[in-house]
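Reading through the structure tokens given below for one structure.
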2 protein chains.
Amino acid sequence: MREKLGKMPLPIVERLSVYLLTLLDIKSEGRVSVSSLELAERNGFSSAQVRKDLSCFGTFGKKGTGYDIDLLIEKIRGILGLKRTWRLALIGLGNLGKALITHKGFTTRAFEFVAIFEKKPSLVGKQYKGIQIYNIENLDKIAKAKRIEIVVLTIPKEEVAGVYEKVIVAGIPAALNFTPVRLLSKGNTLVKNVNFFQNLETLTFYLSNF
Amino acid sequence: MREKLGKMPLPIVERLSVYLLTLLDIKSEGRVSVSSLELAERNGFSSAQVRKDLSCFGTFGKKGTGYDIDLLIEKIRGILGLKRTWRLALIGLGNLGKALITHKGFTTRAFEFVAIFEKKPSLVGKQYKGIQIYNIENLDKIAKAKRIEIVVLTIPKEEVAGVYEKVIVAGIPAALNFTPVRLLSKGNTLVKNVNFFQNLETLTFYLSNF
DNA sequence: AAGAGAATGTGAATGTTTTCACTAAAATAG
DNA sequence: CTATTTTAGTGAAAACATTCACATTCTCTT
Ligand SMILES: NC(=O)c1ccc[n+]([C@@H]2O[C@H](COP(=O)([O-])OP(=O)(O)OC[C@H]3O[C@@H](n4cnc5c(N)ncnc54)[C@H](O)[C@@H]3O)[C@@H](O)[C@H]2O)c1
Ligand SMILES: NC(=O)c1ccc[n+]([C@@H]2O[C@H](COP(=O)([O-])OP(=O)(O)OC[C@H]3O[C@@H](n4cnc5c(N)ncnc54)[C@H](O)[C@@H]3O)[C@@H](O)[C@H]2O)c1
């Protein structure tokens with residue numbers, strides 16, 4: 001059992017998220033308990049890794065039986081901070097932004113879009129899927145008023161630098177960045193970059209070299 | 001300089017993709033050479049890491065000067081298999097699928113969508129953005145005829161297991177999976193999973209534990 | 001042309017993550 | 001009730017990844 005959660009290795013946190021999805025899946029099949037081996041095999045990990053990962057946060061299992069699914073789901077939700085709803089804002093209501101806003105998955109989990117920011121004057125002041133669209137220039141003010149915790153960036157790459165500066169100034173705690181410009185965490189803002197090309201390029205690398 | 005490219009560590013391949021974007025960026029500023037330090041600082045890595053990564057594939061730099069940008073771009077493109085166009089197919093023309101197909105970035109790089117597969121009878125036989133829509137039941141036949149190399153999965157999660165089975169049977173070399181169902185590489189098919197929740201959940205973990 | 005400075009490439013050291021291999025507890029079968 | 005099987009938890013070992021630190025080479029200035 002580790003002490004400092006703040007410096008938990010990223011691979012462990014990522015796997016926790018995978019375990020959670022798997023547990024929800026198994027639960028939906030009506031099962032009530034699961035072994036580290038099954039959790040591992042479904043995801044291509046080793047059973048020792050599953051046990052070691054979970055042991056960082058406490059002892060949740062029962063020797064001879066495995067893990068109680070409901071209990072483990074609640075524990076992981078607690079660890080990942082998913083016992084409450086997080087307030088998101090979308091920045092850039094283009095093709096990708098609309099797909100994300102429309103996606104039901106977010107809402108049915110722990111995430112809720114509470115604002116959209118756009119540059120196009122024709123969109124500002126309107127709503128999209130019931131969510132108010134604001135002028136990006138008012139990010140600071142609205143972010144505070146709406147208690148925005150995570151911004152989702154789906155703007156053209158030329159706009160990223162300027163908008164990110166505004167995000168930092170507004171002191172928004174986190175950003176999920178879908179643009180191909182790699183951002184580094186700065187100020188009080190934690191960034192996670194999602195790069196589609198990188199994903200495709202790891203595939204083409206291995207396809208080319210086997 | 002490493003020998004077996006096929007077992008190059010994933011972190012190195014992912015950084016290569018980051019270096020490439022950075023180099024293109026720097027090139028567009030009119031520059032002709034760059035140091036490992038600059039390549040590192042722009043991306044939050046160490047300069048030693050940049051040099052060590054590149055040294056796995058050859059010696060591309062010049063002591064005292066750094067790396068020639070055009071040369072390094074070409075080398076990395078070669079390593080990542082980006083000197084030719086890869087033939088993609090989209091499976092599932094929904095919200096996310098449409099955003100991806102519409103996205104210019106793919107076409108202007110080394111990727112080209114050559115087919116769309118759908119289940120909805122109303123879409124089959126039509127085109128979207130000039131790309132023919134086929135019945136998913138014909139995946140095997142069309143994949144061979146169109147020489148599809150990578151499928152992009154944007155279908156509901158309930159459909160994933162069945163469709164993935166078809167992808168494996170068709171022997172398609174790779175799949176980029178945007179659904180929340182984690183797939184494991186199997187048969188001759190290499191899989192890369194892209195999980196938006198995982199990205200959000202790593203953010204909420206660290207936000208919750210600082 | 002010599003010296004100072006810049007920057008690579010890399011073996012060795014360090015740090016991190018994963019796997020191994022075992023102990024111990026619970027469940028099950030005989 | 002005892003033996004066998006199942007499975008969690010965990011130090012220790014191994015594998016893997018990053019950083020250090022320096023010899024070497026190239027550039028630039030004077
Ligand atoms: N569409 C995809 O499938 C896809 C895939 C990978 C990456 N991306 C990246 O996501 C980003 C958006 O892609 P897209 O296809 O949705 O583009 P898009 O052009 O359809 O949408 C961008 C939107 O951002 C708005 N915008 C521009 N500047 C802004 C600003 N300063 N503040 C607020 N809003 C602003 C635009 O008005 C537009 O509505 C791009 O960086 C792209 O590279 C998209
Ligand atoms: N929209 C998003 O922003 C987003 C974000 C993250 C993940 N995802 C995931 O991506 C997937 C698609 O999301 P979406 O929002 O585009 O959903 P969607 O419902 O808009 O689109 C799904 C499309 O797939 C088609 N389809 C269904 N079964 C099929 C089959 N067997 N073969 C071929 N086509 C089939 C449907 O007809 C539909 O057109 C989902 O798994 C979702 O969880 C979406």
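Just so it is clear, the values below take in all heavy atoms, side chains as well, and ignore hydrogens, waters and symmetry mates. Lettering of chains follows the sequences in order, A, B, ..., and the numbering in each one begins at 1. Predicted model only: the values in this text are computed from it and were never measured.
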For each nucleotide in nucleotides 20-30 of chain D, reading 5' to 3', give B when a protein heavy atom comes within less than 4.0 Å of its base, S when such contact involves only the sugar-phosphate, and - otherwise. BB--BBBS---

Strand-adjacent residues in residues 20-43 of chain B, judged by heavy atoms under 4.0 Å from DNA chain D: none

Can you check the [X] [atom1] to [N] [atom2] distance for me, whole Å?
| X | N | atom1 | atom2 | answer |
| --- | --- | --- | --- | --- |
| D53(B) | dC16(D) | CG | C1' | 14 Å |
| L72(B) | dT8(C) | CG | P | 11 Å |
| F57(B) | dT8(C) | CZ | P | 17 Å |
| I69(A) | dA8(D) | CD1 | P | 12 Å |
| L10(A) | dG15(C) | CG | C1' | 17 Å |
| E14(B) | dA17(D) | CD | P | 11 Å |

Are any of the side-chain nitrogens in [X] or [Y] under 4.0 Å away from the carboxylate oxygens of its partner?
| X | Y | answer |
| --- | --- | --- |
| R42(A) | E29(A) | yes |
| E112(A) | R147(A) | no |
| K120(B) | E159(B) | no |

Find the distance between [atom1] ([X]) and [atom2] ([Y]) and round it off to the nearest 0.5 Å.
| X | Y | atom1 | atom2 | result |
| --- | --- | --- | --- | --- |
| I168(B) | K166(B) | CD1 | NZ | 12.0 Å |
| L16(A) | M8(A) | CG | CE | 8.5 Å |
| S17(B) | L200(A) | OG | CG | 9.5 Å |

P9(A), nearest nucleotide to its side chain (from dT18(D), dG9(D), dT17(C)): dT17(C)

Provide the closest heavy-atom pair for I155(B) versus T179(B) in the form atom of the first, atom of the second, distance. O-CG2, 3.2 Å

Judged by nearest nucleotide, the residue sitting upstream toward the 5' end of DNA chain C, I12(A) or S55(B), is S55(B)

Give a yes-or-no answer on whether the side chains of N177(B) and Y164(B) include a donor-acceptor pair shorter than 3.5 Å. no

For Y67(A) and dA26(C), is the shortest distance between a side-chain N/O and OP1 or OP2 below 4.0 Å? no

Does Q49(A) put a side-chain nitrogen or oxygen below 4.0 Å from OP1 or OP2 of dT19(C)? yes

Answer with base, sugar-phosphate or nothing: what part of the nucleic acid does F60(B) contact at a heavy-atom distance below 4.0 Å? sugar-phosphate

Please report the C-alpha distance between L72(B) and L54(B) in whole Å, then the side-chain angles of each, then the deciding distance to 0.1 Å, and finally whether the side chain to side chain contact (heavy atoms under 4.5 Å, CB included) criterion is met. CA-CA 9 Å; L72(B) 193 52; L54(B) 295 175; 4.0 Å; yes

